[in-house]
Amino acid sequence: MSADDFTERAAYADVNKVTDLVSVVVWVSPAWMYLERVPQDYLEPKAQLSAIHFATLDVTTNFNSWERGRIFDANRELRWERIGGDFHVVYCGIAPPASMTELDLENSTVRETHYYLWGQQVRADDRERVGLLPDQSAFIELRIPHVLHYPLPPSARRAQVRVRELLGVDGSLRYVRWAGLREA
């Protein structure tokens, strides 16, 4: 898909349940979800391991239990963060949900690029030593103190997220949304 195949639209809302909003969006395959727990106190080591979840989209997930997250496919992204008892939600892509307030992106142009994600694939010979199953895909970055899991096959050496950068008429970066995931 080229950068000119559709017009980006942005919208926002404050909602009580993000899961309800996720269910009204028509996601195309493949789609992904990146979910984060935002600790209010110290997380025990076991809780640290489950504080970030990056996987292929599962629409049956209870997104309300994640304080921060994003769901994305080639055509759209939905991001949220819990603020108090509600979620502040931002949408960018085609056809925002009708319940959201649209923002003006009329003067934007789009540039597509890729950003590297943290880590390199754990070699098959090293997986057992770091507590992984022999065929389990995982990535290690020495500056981050735990194993990262991306929804990529064990043969992927590096991971990249495809992004769409929305630029203003003066060329300034106005918004960035994730649009895909690939092996690098």
For [X] and [Y], work out which heavy atoms get closest and say how close.
X: Pro96; Y: Arg9; result: CD-CZ, 3.5 Å
X: Leu167; Y: Arg174; result: C-CD, 3.9 Å
X: Ile71; Y: Met33; result: CG1-CB, 4.2 Å
X: Pro153; Y: Gln121; result: O-NE2, 3.5 Å
X: Leu152; Y: Ser137; result: O-OG, 3.0 Å
X: Arg164; Y: Leu166; result: O-CD1, 3.6 Å

Arg123: which residues meet the salt bridge (charged side-chain N to carboxylate O under 4.0 Å, His left out) condition with it, sequence neighbours left out?
Asp126
Apply salt bridge (charged side-chain N to carboxylate O under 4.0 Å, His left out) to Arg70 and list each qualifying residue two or more places apart in sequence or on a separate chain.
Glu77
Without swapping roles, check the side chain of [X] against the backbone of [Y] for a donor-acceptor pair under 3.5 Å.
X: His149; Y: His53; answer: no
X: Arg127; Y: Val122; answer: yes
X: Asn64; Y: Val18; answer: yes
X: Arg158; Y: Tyr116; answer: no
X: Arg76; Y: Val26; answer: yes
X: Glu81; Y: Glu67; answer: no

Above 12 or not: heavy atoms from other molecules or residues under 6.0 Å from CD of Glu128?
no
Counting only heavy atoms from other residues, nucleotides and ligands, does the tally under 6.0 Å from OH of Tyr12 exceed 12?
no
If hydrophobic clusters are built from ILVMFWY residues whose side chains come within less than 4.5 Å, do Val28 and Tyr91 share one?
no
Please examine the side chains of [Y] and [X], heavy atoms only from C-beta on, and report whether any two atoms are closer than 4.5 Å.
X: Asp86; Y: His88; value: no
X: Trp66; Y: Thr61; value: yes
X: Arg157; Y: Gln120; value: yes
X: Trp80; Y: Leu35; value: yes
X: Leu181; Y: Phe54; value: yes

What verdict does the side-chain contact (heavy atoms from CB on, under 4.5 Å) test give for Leu103 and Tyr175, after you've listed the backbone C-alpha separation in whole Å, the side-chain angles of each residue and the deciding distance to 0.1 Å?
CA-CA 11 Å; Leu103 299 168; Tyr175 193 81; over 6 Å; no
[X]: partners by side chain to side chain contact (heavy atoms under 4.5 Å, CB included), with sequence neighbours left out:
X: Asp135; answer: Leu133
X: Val24; answer: Leu21, Pro97
X: Val176; answer: Tyr115, Val163, Glu165, Leu173

Can you measure from CG (Leu117) to CZ (Arg182) and round to the nearest 0.5 angstrom?
11.0 Å
Just verifying a value: how many Å separate Phe87 CZ and Asp20 CG, rounded to the nearest 0.5 Å?
10.5 Å
What orientation do Tyr150 and Phe139 show, parallel under 30°, tilted 30 to 60°, or perpendicular over 60°?
tilted
Taking only residues at least two apart or on different chains, which pairs with a member in residues 23-35 satisfy side chain to side chain donor-acceptor pair (under 3.5 Å)?
none
